[in-house]
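Below you'll find the structure, written out as structure tokens, and then a few comments.
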Amino acid sequence: MRTYFLHNFKEIENIDKLSEEEKFAVETVGSVLPFKVNNYVINELIDWDNVPEDPIFTLTFPRKEMLLPEHYRRMETLIKKNAAKERIHQAANEIREQLNPHPAGQIDLNVPVINRRRFYGLQHKYRETALFFPSEGQTCHSYCTFCFRWPQFVGWKNIRFATREAEKLTTYLKEHQEISDVLFTGGDPMVMKAEILEVYIDSLLRSDLSHIKNIRIGTKSLSYWPYRFLSDPDSDKLLRVLEKVVKAGKHLAMMLHFNHYKELETKAVEKASRRLRDIGAVLRTQAPILRHINASPEIWAKMWKRQVNMGMVPYYMFVVRDTGAQHYFGLPLMESWEIFREAYNQVSGLCRTVRGPSMSCIPGKVQILGVTEAAGERVFVMRMLQGRNPDWVHRPFFAQYNEEATWIDGLKPAFGEKKFFFEDELKRIYRQRLEDNGSLSFE
Ligand SMILES: *Cc1c(COP(=O)(O)O)cnc(C)c1O
Ligand code: SF4
């Protein structure tokens with residue numbers, strides 16, 4: 001794999017298809033938003049005759065409009081006057097801090113405490129499912145411009161470290177018999193070497209964790225580096241490690257992230273998905289809806305159809321989080337719902353396993369079911385697909401219609417009510433967490 005960052009992106013073969021101004025924008029915006037791209041994305045996914053509009057280009061290359069004008073001007077000024085690296089870093093960090101880097105209470109509410117210490121490798125928000133962030137998987141084969149996970153993008157660690165992490169994970173799981181699913185996430189856990197992944201998988205397959213029935217791997221590797229499953233030095237070993245899950249009688253779900261049907265059209269992605277199906281993995285797909293990349297019903301319908309054709313199960317359409325370059329990628333909830341509905345209309349029931357548009361927010365995963373009239377008022381109908389309290393799930397609730405809101409915090413309860421039905425209890429849960437964690441500080 002050949003990888004490009006800010007310092008060497010001018011070596012990319014087709015880079016001169018960009019104007020000088022566009023190249024400068026890559027440098028300027030790329031010092032704030034994540035930038036990393038590899039030869040597969042460059043040679044097999046991006047259509048260089050269609051840059052900068054090409055969706056995969058926009059997905060991976062920083063563009064001027066992704067920063068707010070005042071932020072762009074600040075970085076531009078520093079770079080044009082050749083400011084010292086440290087000053088550029090500092091300005092970039094200050095801008096990042098203004099972009100809500102830890103949305104939806106992830107640290108305060110979801111990170112569990114083991115022996116009075118926070119275990120940052122784990123999040124446990126929904127009863128049945130623990131999210132595990134193996135530290136070796138906190139980077140990706142390429143970076144998405146809409147993503148804001150770089151607090152996590154750190155280096156590679158060794159097997160001894162993995163073993164210690166696996167011990168903490170299994171200690172927690174043993175004490176939580178209600179957990180049936182472990183979801184590996186990141187970054188991208190598929191950047192891990194197979195021998196590291198094996199430490200984690202083996203620890204989960206132990207006989208004293210028989211309540212763990214489903215192992216899920218959240219990954220963008222089929223889109224950014226399908227050769228991970230084909231021709232990397234440890235590709236065969238990786239497949240054998242994953243196959244252990246199936247052989248142990250558990251469900252192996254690959255939670256695949258695809259933003260556009262173009263990511264499903266190469267020979268490599270076809271072969272990689274076939275290899276995964278051949279070991280008995282179930283392939284499920286999910287993605288956020290993003291302006292400038294996939295904000296049209298035709299794109300989604302074509303993508304879901306292609307996925308089903310390749311043996312994949314469409315799972316979630318997400319609303320892009322209130323973080324990072326949301327002003328560029330975000331769209332009103334109203335519009336996301338319309339796109340979802342028009343796409344859903346065009347496909348057969350096999351694609352309609354997909355649920356969305358869904359916001360992962362503090363109370364849970366909130367789906368916009370639609371817009372309608374009730375009691376003389378125009379309202380959004382919503383429900384939770386997941387809830388911090390499982391009892392909240394699948395209860396319809398209503399918000400005042402709002403054409404501009406892009407996130408739940410822009411919505412108000414309908415029918416003159418003061419709060420949504422879950423708010424009092426959410427406050428109680430939050431207070432309880434603070435008390436349970438005692439002297440722990442909430443940064
Ligand atoms: C989405 C999500 C899960 C998984 O939810 P499912 O509906 O079971 O796929 C688990 N934990 C968190 C924090 C999530 O956001
Ligand atoms: S692959 Fe996932 S974690 Fe990695 S940059 Fe993209 S969205 Fe972020």
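Each ligand, and each atom within it, is numbered from 1 in the order the structure gives. None of these values were measured; they are calculated from a predicted model.
A distance-only check finds a donor-acceptor pair linking the side chain of T353 to the backbone of P314 [under 3.5 Å]. Remark: the backbone N or O of H260 is paired with a side-chain donor or acceptor of E263 at under 3.5 angstrom.
The closest side-chain donor-acceptor pair between N110 and R388 falls under 3.5 angstrom. The closest side-chain donor-acceptor pair between H292 and E65, if any, does not fall under 3.5 angstrom. Between the side chains of N38 and T3, not a single donor N or O lies within less than 3.5 Å of an accepting N or O.
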Put together the list of close N/O pairs, under 3.5 Å, between ligand 1 and the protein, could you?
unit_1   : atom_1 : unit_2 : atom_2 : d
ligand 1 : 7 (O)  : Y316   : OH     : 2.5
ligand 1 : 7 (O)  : Q386   : NE2    : 3.0
ligand 1 : 8 (O)  : R216   : NH2    : 2.7
ligand 1 : 8 (O)  : Q386   : NE2    : 3.1
ligand 1 : 9 (O)  : R216   : NH1    : 2.8
ligand 1 : 9 (O)  : Y315   : OH     : 2.7
ligand 1 : 15 (O) : K365   : NZ     : 2.8

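Among the backbone and side-chain atoms of C144, no N/O/S atom is found under 2.8 Å from atom 8 (Fe) of ligand 2.
Among Q138, K220, K36, the residue whose heavy atom sits closest to atom 1 (S) of ligand 2 is K220.
Shown here are the side chain to side chain contact (heavy atoms under 4.5 Å, CB included) partners of N309, two or more places apart in sequence or in another chain: R306. Applying the side chain to side chain contact (heavy atoms under 4.5 Å, CB included) test to A343 and every residue at least two apart in sequence or in another chain returns P297, W300, A301, W304. The side chain to side chain contact (heavy atoms under 4.5 Å, CB included) test applied to H176 returns H124, Y172, E178, I179, not counting sequence neighbours.
Within the 4.0 Å heavy-atom shell around ligand 2 one finds G187.
Distances below 4.0 Å separate heavy atoms of C140 from the following atoms of ligand 2: 1 (S), 3 (S), 4 (Fe), 5 (S). Of all atoms in ligand 2, numbered sequentially from 1 with element shown, those under 4.0 Å from a heavy atom of C147 are 3 (S), 5 (S), 7 (S), 8 (Fe).
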